[in-house]
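Step one of this worksheet: look at the structure below.
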Amino acid sequence: MADKQHLYLVDGSAYIFRAYHRLPPLTDPQGTPVGAVYGYTTMLWKLADDLDKADGPTHLAVILDKGSTSFRNEIYDQYKANRPPPPEDLVPQFPLIRDATRAFSLPCIEEDGLEADDLIASYARVATRRGWDVTIVSSDKDLMQLVGRCAEPDDGVPEGGCIDMLDTMKNQRIGPDEVVEKFGVPPELVGDVLALMGDSVDNVPGIFGIGPKTASKLVVEHGGLAAALDAAPEMKKSKLRDRLIEGREMAELSRVLVQLKEDCELPMPLEDFKLTTVPRDPLAAFLEKHGFTSLLRRLDGGNGSLSRPTNLHPAKPVNKGAEASQGGNRQPLPQMPEIDRSTYECVQTIERLERWIERAFAAGLVAIDTETSALDAMRADLAGISLALGPNDACYIPLAHGGSDMFAERPQQVARETALTMLRPLLESDAVLKVGQNVKYDLNVLARHDIAMAPVDDTMIVSFALDAGRSLDGIGGGHGMDELAQRHLGHTTLTFKDICGSGKKAIPFGEVPLDRATEYAAEDADVTWRLYANLKPRLATEGGSRIYQRVDRPLIPVVAQMERHGIKVDRGQLAKLSEEFAAETGRLEAEIHAIAGAAFTIGSPKQLGDVLFDKMGYKGGRKGKSGQYSTDQAILERLSAQGAEIADKVLEWRQLTKLKSTYTDALQAAIHPDTGRVHTSYSLVGAQTGRLSSTDPNLQNIPIRTEIGRQIREAFVAEDGNVLLAADYSQIELRLAAHMADVPELKQAFANGEDIHARTAAEMFGEVTRDTRASAKTINFAILYGISRWGLAARLKVEADEAQAMIDTYFQRFPGIQRYIMETLETVRERGYSETLFGRKTWFPRIGSKNQTERQGSERAAINAPIQGTSADIIKRAMARMMPALEAAGLGHVRMLLQVHDELVFELPATDVAAASPVIERVMAEAATPAVSLDVPLGIEIGTGASWGQAH
DNA sequence: CTCCTCACG
DNA sequence: GACGTACGTGAGGAGC
């Protein structure tokens, strides 16, 4: 089998669409967009580079779609009919794909009237019949029909070649097992599943109301599409049965559409696909032309890595000023050897561990990552720790691998408690900086083993301080390790999924064999070390030090501790509410169905819309792209005003089901079995403005606005003998707006402790009534959010003209506000980012967009960000100072539990409220000083009670 | 996996 | 003269 042939068929068209959406928009020296082409080039490179490797290609061709119609359009004229035109900056890249392929001297196949899929299927068939292996480079689900297929016995080959797929973006081989995992059926039945579920992208109709899950279930149960359709009339009466009977024709049509044509004439014989060493010159010319200099260096044997090309520019620079600073994102990398996972050490003895600890002390800086059995730091068990002291100088220390399988031998490793005892002095040493990626997680895991790791630095938060908001269409703007490694190191990390699998097949990290575990874990530490070397110097040169060192970094251990504290919730109280909500919901459901005259799923906006507007004939508009009726609160309230009783009941039903599913049910499930409390996880990089966000569960959106929802807050309680204390900043964003926009009238009003909305009403309307105050309040908020006449008109339920008149009046009375808005936007357009009073940057790459909606959206966000962000900075500073201040007052036992943007929640003995309140108030009120001196006082409101509800 | 809706500041 | 949008989040349910 030495001369085994292996054909790679690259689905080029599909690749560039994916590459376009996954990669940052880059342009070459001529100004042509080349982001997708760059991705495509590196992929071809990698494939061609694998020549001669085991399982690498011996033959390779690129297959492209040609034209927009195929024989399928003759069968079904709507085929691919609703596909939107490709994005503007992708179009010029199509021809470049052919150029790139030619540059590699690779064959490029396309044929009128045929789709790439059909050509691929045909070539694959011919090749397997000759006994060749075939790898289809694509992730297209239609092509998964071919996976696992081998030559037939009567093809006359002794050992038939087989087909698999390779998804280069996920670096994943797709064999029959993966297909079964995805579709629940083997490859030969994938076509049947696709025919049932349809495909909205290709506009294959399928059967309405049947998705992947149902489709797969039907095919498995009946053994195929035809059998499932035949069996429909005998099924018990159900929606599904009706759909199958009604949709029969559509399914049969869809089956034909998804069938790949395997007998196409082959435009070029297989032999011509023979892969040889790629001739240098045409490729060099291509790379040079498009400015792919790092690839060019690599081609000529230099040390250039396959990382981002250094002389490409981000597309559509906001303007000249912004371009320069965006370039800061792409400084030349410090010379580092490429990541080589074979250099990592698995530390299995006390002697080796001692050596690493010794070296870490000597280095003074160590990147660290903990591996655990789960994602939740409060529940996960520690499986191992990895350390890195430099590029390719990393190790993994397994601590709890193996052992769950009684028959497997537990691999050699240092006992967990022994290792942690040895590591503790290092992890707690002031003389050694520990660098992590999302180090709050590691902090909490280690805290549960009584290790208080300090001092720490965090590459994720450094990235946030530098690049918050810097994504384009969500590409490459995140701060996760995989994304940062890709962006800054040009390196694709092993993912957790690669190692542990996903879904039902997933195994805990502690069951991963040590060699694989070491590659993954040590790589994480290595990457963290490199990212730190890469990002940290930028803090100083790009003005991020202040916010990172003074605000965000000190917050890491503080928030970690809040998460560990958690908050007690009264399970019985929640269960009681759940029952009440369920009963009331059931009653409402019956009433709603009675009014509608039929049963339907009230929770389905689609069905509800059809009932209200088609069946019952109420008036209301269709909404935008989905073609669905909107049934949101505003619409239902309007219907209710017209006397539609059903609308009221639906609103009430929605409120109750929401409260039950999201709060009373979910919170009970979130109670930690050991602590009996609920531990949220705060994201320190969650909101681009600098706010925290809260997940699993979200404790920043517990109901308060309605009486019925408020009952849920009553279930958040203090332990016996304790009380909860809630401290709020009052109107902090308006106060900051008054300061930042320099509005004397508003500043004066705050200084005097006036009702700010009443004062606004007086200024604007001359008199203060309930109505004018309410309007003034709406307008005040509209200002903070970036105002538009239509938005204000919708909120106030007046005409746009009238809203505009109010805005004009507002600007006239408070000219500082208009000036602030103009100046903020000017600065953001010029520099590309906004800044808070404490120097936090938020980037707005879309501020110069030609798309009006997009641009105006960015403008509103840019007006709001400095205000919302400054408020976030202030409460973060208060949080960082809180415990030291309380400790100084002998109140170190007071526990800070929650942060809800402008509110902090504490738990303390009832007897300490009098002593603690003034300390808390002072720390919060003075949180801006001395860095910033505000012209307005920061007002704090404090309340206490046995529950969070009562503390308000 | 995306959309819709809705909970919070 | 439009966009039934407000700024910032996260979660659950439905659909396909």
Side-chain angles (χ1 to χ4, degrees), chain A residues 196-200 204-215 243 469 601-609 620-626 628-636 638 650-651 654-655 657-663 665-667 670 680-681 683 686-706 709 712-713 728-729 731-733 778-779 781-797 800 803 842 851-854 856-869 871-872 875 899-903:
Chain A
L196 277 167
M197 64 188 257
D199 180 345
S200 56
V204 171
I207 293 186
F208 174 81
I210 295 185
K213 286 275 179 290
T214 313
R243 284 177 173 162
T601 309
I602 305 170
S604 160
K606 191 173 151 57
Q607 293 187 31
L608 177 64
R622 274 189 186 271
K623 205 183 180 182
K625 41 188 181 198
S626 63
Q628 228 190 69
Y629 291 115
S630 172
T631 64
D632 65 16
Q633 211 163 21
I635 301 271
L636 292 180
R638 220 194 48 209
V650 169
L651 282 169
R654 275 205 185 143
Q655 185 189 18
T657 49
K658 170 84 176 180
L659 293 177
K660 181 170 186 295
S661 66
T662 310
Y663 300 105
D665 289 353
L667 281 172
T680 184
S681 171
S683 170
Q688 321 227 306
T689 53
R691 274 190 177 178
L692 304 187
S693 72
S694 157
T695 60
D696 304 312
N698 183 354
L699 295 186
Q700 290 183 324
N701 71 347
I702 302 303
I704 192 168
R705 291 175 186 171
T706 66
I712 293 166
R713 279 202 184 215
D728 288 47
Y729 281 105
Q731 307 283 13
I732 186 169
E733 293 197 2
T778 303
I779 297 168
F781 277 105
I783 294 300
L784 299 180
Y785 296 150
I787 199 163
S788 82
R789 79 180 87 158
W790 296 279
L792 186 61
R795 286 287 158 132
L796 290 177
K797 299 192 166 65
T842 304
N851 177 327
Q852 192 173 220
T853 313
E854 198 172 76
Q856 290 177 341
S858 282
E859 288 175 354
R860 290 194 296 269
I863 292 166
N864 178 251
I867 299 169
Q868 190 182 114
S871 160
I875 196 167
Q899 189 253 43
V900 193
H901 308 311
D902 64 359
E903 171 186 9

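Bear in mind the structure is a predicted one, so any value in this text is a computation, not a measurement. FYI, side chains are in, hydrogens and waters are out, and symmetry mates aren't considered; it's all heavy atoms of this structure.
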Next on the checklist: Whether the A/Q700 and A/S693 side chains hold a donor-acceptor pair (N or O, under 3.5 Å, no angle test) is what I'd like checked.
Outcome noted: no

Checklist outcome for this item: Closest non-hydrogen atoms of A/L667 and A/P697, given as atom of the first, atom of the second and distance, are CD2-CG, 4.0 Å

Checklist entry - Is A/L784 touching bases, backbone alone, or none of the nucleic acid, heavy atoms closer than 4.0 Å? => result nothing

Checklist entry - The side chain of A/Q607 lies closest to which of these nucleotides: C/dG15, B/dC6, C/dG8? => result C/dG15

Item to check | Residue pair A/L692 / A/S683, side-chain heavy-atom distance below 4.5 Å | outcome: no

Item to check | A/T631 vs B/dT5: side-chain N/O to OP1/OP2 distance below 4.0 Å | outcome: yes

Next on the checklist: Closest-nucleotide mapping onto DNA chain C: is A/G791 or A/Q868 further toward the 5' terminus? I mean the 5' end.
Outcome noted: A/G791

Next on the checklist: Using the P atom as the point on both nucleotides, what is the distance between C/dT5 and B/dC6, in whole Å?
Outcome noted: 14 Å

Checklist entry - When you check the phosphate oxygens OP1 and OP2 of C/dC3, does a side-chain N or O of A/T853 lie under 4.0 Å from one of them? => result no

Checklist entry - How long is the line joining OH of A/Y729 and P of B/dG9, in whole Å? => result 17 Å

Checklist entry - So what does A/I867 hit on the nucleic acid, given a heavy-atom distance under 4.0 Å: a base, only sugar-phosphate, or nothing? => result nothing

Item to check | A/R860 side chain near C/dT5 phosphate (N/O to OP1/OP2, under 4.0 Å) | outcome: no

Next on the checklist: Please check this pair: side chain of A/T695 against backbone of A/N698, looking for a donor-acceptor N/O pair closer than 3.5 Å.
Outcome noted: no

Next on the checklist: Mind checking if A/A666 touches a base, just sugar-phosphate, or nothing, with heavy atoms under 4.0 Å?
Outcome noted: sugar-phosphate

Item to check | Touch class at under 4.0 angstrom, heavy-atom based, for A/S858 against every strand present | outcome: nothing

Next on the checklist: Rounded to whole Å, how long is the line connecting atom CD of A/Q852 with atom P of C/dA2?
Outcome noted: 12 Å

Checklist entry - Which nucleotide sits closest to the side chain of A/T778: C/dA6, B/dG9, B/dA7? => result C/dA6

Checklist entry - Which nucleotide in the list C/dG8, C/dG10, B/dT5 gets nearest to the side chain of A/A861? => result C/dG8

Item to check | P spacing across the pair C/dG4 / B/dC4, given as an integer number of angstrom | outcome: 12 Å

Next on the checklist: Could you check whether A/T680 and A/S694, counting side-chain N and O atoms only, form a donor-acceptor pair closer than 3.5 Å?
Outcome noted: yes

Item to check | Among C/dG4, B/dC8, C/dC16, the nucleotide that comes nearest once only the side chain of A/K606 is considered | outcome: C/dC16

Checklist outcome for this item: As its Watson-Crick or G-U partner within any shown strand, both distances under 3.5 Å, C/dC3 has none

Checklist entry - What is the distance from CG of A/L699 to P of B/dG9, rounded to the nearest Å? => result 13 Å

Next on the checklist: Can you identify which nucleotide, out of B/dA7, C/dT9, B/dG9, has its nearest atom closest to the A/Q688 side chain?
Outcome noted: C/dT9

Next on the checklist: Taking the P atom in each of C/dA6 and B/dA7, what is the distance between them to the nearest angstrom?
Outcome noted: 15 Å

Checklist entry - Rounded to the nearest Å, what distance is computed from the CD atom of residue A/Q633 to the P atom of nucleotide C/dT5? => result 14 Å

Next on the checklist: What contact category does A/G786 fall into here, base, sugar-phosphate, or nothing, at under 4.0 angstrom with non-hydrogen atoms?
Outcome noted: nothing

Item to check | Length of the line joining A/Y663:OH and C/dA11:C1', which is rounded to integer Å | outcome: 8 Å

Next on the checklist: When you measure from the side-chain N and O atoms of A/T695 to the phosphate of C/dG10, is any distance below 4.0 Å, counting only OP1 and OP2?
Outcome noted: no

Item to check | Note: A/E854-A/R860 ion pair, threshold 4.0 Å (strictly below) | outcome: no

Checklist entry - Looking at the side chain of A/S661, which of C/dG12, C/dC16, B/dC8 is the nearest nucleotide? => result C/dG12

Item to check | Distance, nearest 0.5 Å, that separates CZ of A/R654 from CG of A/D632 | outcome: 7.5 Å

Checklist entry - Base, sugar-phosphate, or nothing for A/N701, non-hydrogen atoms under 4.0 angstrom? => result base

Item to check | Separation of atom CZ in A/R795 from atom C1' in C/dC3, rounded to whole Å | outcome: 15 Å

Next on the checklist: What's A/T662 touching, base or sugar-phosphate or nothing? Going by heavy atoms closer than 4.0 Å.
Outcome noted: sugar-phosphate

Next on the checklist: Could you check whether the side chain of A/R654 and the base of C/dG13 have a donor-acceptor pair of N or O atoms closer than 3.5 Å, going by distance alone?
Outcome noted: no

Checklist entry - Under 4.0 Å between a side-chain N or O of A/R705 and OP1 or OP2 of B/dG9? => result yes

Checklist entry - How would you label the contact of A/S694 with the nucleic acid (heavy atoms, under 4.0 Å): base, sugar-phosphate, or nothing? => result sugar-phosphate

Next on the checklist: Can you give me the closest heavy-atom contact between A/I732 and A/D902, atom names plus distance?
Outcome noted: CG2-CB, 4.2 Å

Checklist entry - Tell me: CH2 of A/W790 to C1' of C/dT5, nearest whole Å? => result 11 Å

Item to check | Protein-nucleotide distance (A/L659, atom CG; B/dC8, atom C1'), rounded to Å | outcome: 12 Å

Checklist outcome for this item: From the candidates C/dC3, B/dG9, B/dC6, the one with an atom nearest any side-chain atom of A/Q856 is C/dC3

